[in-house]
Novice: 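What follows is a single structure, and I will ask about it in a moment.
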Amino acid sequence: MQQNLNLYNTLTRKKEVFEPLHAPFVGMYVCGPTVYGEAHLGHARAYVTFDVLYRYLKYLKYKVRYVRNITDVGHLVNDADEGEDKIAKIAKIQHLEPMEVVQHFTNRFHEDMALLNILPPDIEPRASGHILEQIEMIQEILANGFAYEVNGSVYFDVPAYNKDHNYGKLSGRIIEDLLSNTRETEGQHEKRSPLDFALWKNASPEHIMRWPSPWGNGFPGWHLECSAMSRKYLGQTFDIHGGGLDLMFPHHECEIAQSQASNSKSDEAKYWVHNNMITINGQKMGKSLGNFITLSELFSGNKELLEQAYTPMTVRFFILQAHYRSTLDFSNEALQAARKGYTKLMNGLRVLEKMQYPEEGITPDEKLNEELLKLTEDCFRGLNDDMNTARTIASLFNLLKKINSLYLGQLQISHLTRGTFDTIRETYNTLVLDILGLKEEKLGDQAEMLELILSFYKEAKEAKAYDKVDAIRADLKKQGIVIKDLKTGIDWAYEE
RNA sequence: GGUAACGUGGCCGAGUGGCUAGGCUCAGCUCUGCAAAAGCUGCUACAGCGGUUCGAAUCCGCUCGUUACCUCCA
């Protein structure tokens, strides 16, 4: 089996074989949400993407430390330097403490993530809890000559940095181009260059969120928290830094600059991984465009754009059916199709559970075994090729066809070796449940009751009491269960 | 304006030089009391034009179209 994981590295613009810096340990940092609003479909895509990577790395037996932050300070509403703090703004409107806003949306975020079966990170640091580390990093950058203080604020000196370093190496920007295209924004009078960004901002009297620092009372710049916290928990250089494509510039570019300019002197991460955006009617979904769909709207169907509610697993499957570096277009049709595909995959789990390897009469068919084993390998091939979950799912469907054929007796289980049979079952279960992170959404402990109903159904069927048969079918259908009359007996499946 | 990316069949969405993507939809068949489920079969593709090549959806050029980033965003 091809067991080399290849990842596309934004920093080198190539797919590279993943090799940890200090195997078997892997450090992964993903930019978390700014908790000033409900999580939306775009958040789901980012965190599902890195959840699969996290799960897969663990499956590959790496000891992973996954850090995903909560941004609760420093993220400003407008142009990087003069805007209002996003959280403070909501707090003011709702007459709440900023930390109440933070706590509320952090809780909501966790709820949504749990519904999507996204594993919690190993460490979830908050920016406001790491002011000291951020101040320390600023002091290093100042001491190294890549920052300057003005009126209680500290700015990163991009031109000075760019003399010996390459500001723009991640996003492919050229500093001259950036300079010629910079917009005039307020507050630039303090900055020597429009490209400079804030490391520390002096807090105006009405600014509520403030901390003491060597430069007076203020608050840290947005880009700094990720550099400071990733260094604290993962070291100066770690393996994977992830986030949405929209964070590549300026956020991640600034992170690299900060880490290079501090005593870390590194690009932070060896592999920079970016997921693409969700679009709606071909246009990017985003806060600034106001066309985003929150997860709770999606789960409740409570929005004009939505024809119906979609379950968390439908959403997860929808996301996984595209490659993470492609844009993914939202539509009701696509979600509905995802629902059916997801259900089909779930029914496969149940079929596998029911199948048993026969005790005797084994007559292995070499060609068939080979064919089926190849199908199981294909499933991993997609994953290893830059986490192509779309290909993995396609391969799983190919495998599922064979599983269903075996179940129906169109293919004979006795023609498989024990090893092939076990490999099929293990591959399917592991990929669907553990790595893709899909799970059954219905039933649970009602399975026994269902068995009872099915036994009544069988009796009625044998007595040719078709009225009763149809009635049972109709009732179960209301519960999203369809009855299957097989030659070998009676079974059920989720309605697709 | 600068810099990138993309354009695949009714819809979504993989695929980067020759080998079936896959899902959904639609039609037919098998099975069935009738269905459903499942299996099998079929259907309409690679924006356009030109080039490289024995051979291109895949490489190159041009044209058209769409989008993203350059300002907060996953």
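Labels below follow one simple rule: chain letters A, B, ... track the order of the sequence lines, proteins then strands, and each chain is numbered from 1. Since the structure is predicted, the reported quantities are computational estimates derived from the model, not experimental observations.
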Novice: Evaluate the ring planes of A/His223 and A/Phe197, with Trp represented by its six-membered ring, and classify them as parallel (under 30°), tilted (30 to 60°) or perpendicular (over 60°).
Specialist: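 Ring orientation of A/His223 relative to A/Phe197: perpendicular.
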Novice: I'd like to know if A/Arg108 pairs up with A/Glu111 as an ion pair, taking the criterion as any Lys NZ or Arg NE/NH1/NH2 lying under 4.0 Å from an Asp or Glu carboxylate oxygen.
Specialist: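 Salt bridge present between A/Arg108 and A/Glu111.
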Novice: Who does B/U20 pair with, Watson-Crick or G-U, both distances under 3.5 Å?
Specialist: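 B/U20 is unpaired by these criteria.
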Novice: Once rounded to the nearest 0.5 Å, what's the spacing between atom CG of A/Asp365 and atom CD of A/Gln412?
Specialist: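 Nearest 0.5 Å value for the CG-CD distance: 11.0 Å.
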Novice: Where does the angle between the aromatic ring planes of A/Tyr29 and A/Phe238 fall among parallel (under 30°), tilted (30 to 60°) and perpendicular (over 60°)?
Specialist: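 It falls in the tilted class, 30° to 60°.
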Novice: Would you measure the distance from the C1' atom in B/U67 across to the matching atom in B/U41 and give it in whole Å?
Specialist: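 Looking at atom C1' only, B/U67 and B/U41 are 39 Å apart.
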Novice: Using atom C1' in both nucleotides, what's the gap between B/A5 and B/G9 to the nearest angstrom?
Specialist: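 Going atom to atom, C1' in each nucleotide, I get 23 Å.
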Novice: Rounding to the closest angstrom, what is the interatomic distance between B/C49 and B/A57 at atom P?
Specialist: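 After rounding to an integer number of Å, I get 13 Å for this pair.
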Novice: Watson-Crick or G-U wobble partner for B/U44, using a 3.5 Å limit on both distances?
Specialist: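 Its partner: none found.
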Novice: What's A/Lys344 touching, base or sugar-phosphate or nothing? Going by heavy atoms closer than 4.0 Å.
Specialist: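 Result for A/Lys344 = sugar-phosphate.
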Novice: When all nucleic acid strands are considered with a 4.0 Å heavy-atom cut-off, which category describes A/Gly42: base, sugar-phosphate, or nothing?
Specialist: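 Contact class for A/Gly42: base.
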Novice: If you go through the side-chain atoms of A/Arg473, does one of them form a donor-acceptor pair with the base of B/C34 closer than 3.5 Å?
Specialist: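 Result: at least one qualifying N/O pair found.
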Novice: B/U30 pairs with which nucleotide, Watson-Crick or G-U wobble, both distances below 3.5 Å?
Specialist: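 When the pairing criteria are applied, B/A38 turns out to be the nucleotide that pairs with B/U30.
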Novice: Between A/Tyr66 and A/Tyr54, what is the ring plane arrangement, given parallel below 30°, perpendicular above 60°, and tilted in between?
Specialist: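 Plane angle between 30° and 60°, so tilted.
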Novice: With a non-hydrogen cut-off below 4.0 angstrom, is A/Val351 in contact with a base, only sugar-phosphate, or nothing?
Specialist: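 Result for A/Val351 = nothing.
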Novice: Looking at every strand, decide which applies to A/Ser395 at a 4.0 Å heavy-atom threshold: base, sugar-phosphate, or nothing.
Specialist: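 A/Ser395: no heavy atom of the nucleic acid under 4.0 Å.
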Novice: Does B/C64 have a Watson-Crick or wobble partner in any strand here, with both distances under 3.5 angstrom, and which is it?
Specialist: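 B/C64 is paired with B/G7.
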Novice: Among A/Glu495, A/Glu441, A/Glu307, A/Glu333, whose salt bridge (charged side-chain N to carboxylate O under 4.0 Å, His left out) with A/Arg339 holds?
Specialist: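 Of A/Glu495, A/Glu441, A/Glu307, A/Glu333, salt bridge (charged side-chain N to carboxylate O under 4.0 Å, His left out) with A/Arg339 is met by A/Glu441 alone.
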Novice: Look at the rings of A/Phe397 and A/Phe317 and say which category their plane angle falls in: under 30° parallel, 30 to 60° tilted, over 60° perpendicular.
Specialist: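 Rings of A/Phe397 and A/Phe317: perpendicular, over 60°.
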Novice: Find which nucleotide of RNA chain B each of A/Lys374 and A/Gly244 is nearest to by heavy atoms, and output the residue with the more 5' nucleotide.
Specialist: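 Its nearest nucleotide lies further toward 5', so the answer is A/Lys374.
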Novice: Taking the minimum atom-to-atom distance to the side chain of A/Leu328, which one of B/G23, B/A74, B/G13 wins?
Specialist: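 Within the option list, the nearest is B/G13.
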Novice: Could you check whether A/Tyr47 gets within reach of a base, just the sugar-phosphate, or nothing at all, counting any heavy atom under 4.0 Å?
Specialist: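 The residue A/Tyr47 makes sugar-phosphate contact but no base contact.
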Novice: Name the closest nucleotide to the A/Asp177 side chain, picking from B/U3, B/C72, B/A35.
Specialist: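 Among the listed nucleotides, the one closest to the side chain of A/Asp177 is B/U3.
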Novice: For B/G1, give the paired nucleotide (Watson-Crick: N1-N3 plus N6-O4 or O6-N4; G-U: N1-O2 and O6-N3; both under 3.5 Å), or none.
Specialist: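 With both distances under 3.5 Å, B/G1 matches B/C70.
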Novice: Give a yes or no on whether a salt bridge exists between A/Glu371 and A/Lys402, defined as a side-chain N under 4.0 angstrom from a carboxylate O.
Specialist: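 Answer for the salt bridge query: yes.
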Novice: Across all strands, who's sitting opposite B/C59 as a Watson-Crick or G-U wobble pair, both distances under 3.5 Å?
Specialist: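 B/G51 is the nucleotide pairing with B/C59.
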Novice: Using a 4.0 Å heavy-atom cut-off across all strands, classify A/Ile483 as base, sugar-phosphate, or nothing.
Specialist: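 Base, at least one base heavy atom under 4.0 Å.
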Novice: Can you check whether A/Lys484 has a side-chain N or O nearer than 4.0 Å to OP1 or OP2 of B/A35?
Specialist: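 No, because none of the side-chain N or O atoms of A/Lys484 sits under 4.0 Å from OP1 or OP2 of B/A35.
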Novice: Under 4.0 Å between any heavy atoms, over every strand shown, what does A/His40 touch: base, sugar-phosphate, or nothing? Just pick one.
Specialist: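 Contact class for A/His40: base.
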Novice: Any side-chain N or O of A/Asn347 less than 4.0 Å from the OP1 or OP2 oxygen of B/A37?
Specialist: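 Indeed not, no polar side-chain atom of A/Asn347 lies that close.
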Novice: When all nucleic acid strands are considered with a 4.0 Å heavy-atom cut-off, which category describes A/Asp470: base, sugar-phosphate, or nothing?
Specialist: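 Counting heavy atoms under 4.0 Å across all strands, the contact made by A/Asp470 includes a base.
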Novice: Establish, for the pair A/Arg68 and A/Phe50, whether the NZ or CZ atom is under 6.0 angstrom from the six-membered ring centre and no further than 45 degrees off its axis.
Specialist: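 No cation-pi geometry.
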Novice: CG of A/Asp467 versus C1' of B/G33: gap in Å, rounded?
Specialist: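 Nearest whole value for this atom pair: 12 Å.
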Novice: Can you pull out the residues from residues 396-406 of chain A that lie within a 4.0 Å heavy-atom distance of RNA chain B?
Specialist: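 Result for residues 396-406 of chain A: A/Phe397, A/Asn398, A/Lys401, A/Asn404, A/Ser405, sorted by number.
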Novice: What does the list of N/O pairs under 3.5 Å between the protein and nucleotides 67-69 of chain B look like, with a distance for each?
Specialist:
{"from": "B/C69", "atom 1": "OP1", "to": "A/Lys284", "atom 2": "NZ", "distance (Å)": "2.2"}
{"from": "B/C69", "atom 1": "O2'", "to": "A/Arg173", "atom 2": "NH1", "distance (Å)": "2.9"}
{"from": "B/C69", "atom 1": "O2'", "to": "A/Arg173", "atom 2": "NH2", "distance (Å)": "2.6"}

Novice: Within the 4.0 Å heavy-atom criterion, would you say A/Ala46 contacts the bases, only the backbone, or no part of the nucleic acid?
Specialist: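 Since only primed, P, OP1 and OP2 atoms lie under 4.0 Å of A/Ala46, the category is sugar-phosphate.
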Novice: Starting at the 5' end of RNA chain B and moving along, which residue's nearest nucleotide shows up first, A/Ala493 or A/Lys461?
Specialist: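 Per heavy-atom nearest nucleotide, the more 5' residue is A/Lys461.
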Novice: Quick check on ring pair (Phe, Tyr, Trp, His ring centres under 6.0 Å): which of A/Tyr47, A/Phe330, A/Phe109, A/Phe292 does A/His40 satisfy it with?
Specialist: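 Looking at A/Tyr47, A/Phe330, A/Phe109, A/Phe292, the match for A/His40 under the ring pair (Phe, Tyr, Trp, His ring centres under 6.0 Å) is A/Phe292.
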Novice: Rounded to whole Å, how long is the line connecting atom OH of A/Tyr29 with atom P of B/A74?
Specialist: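 In whole Å, B/A74 P lies 13 Å from A/Tyr29 OH.
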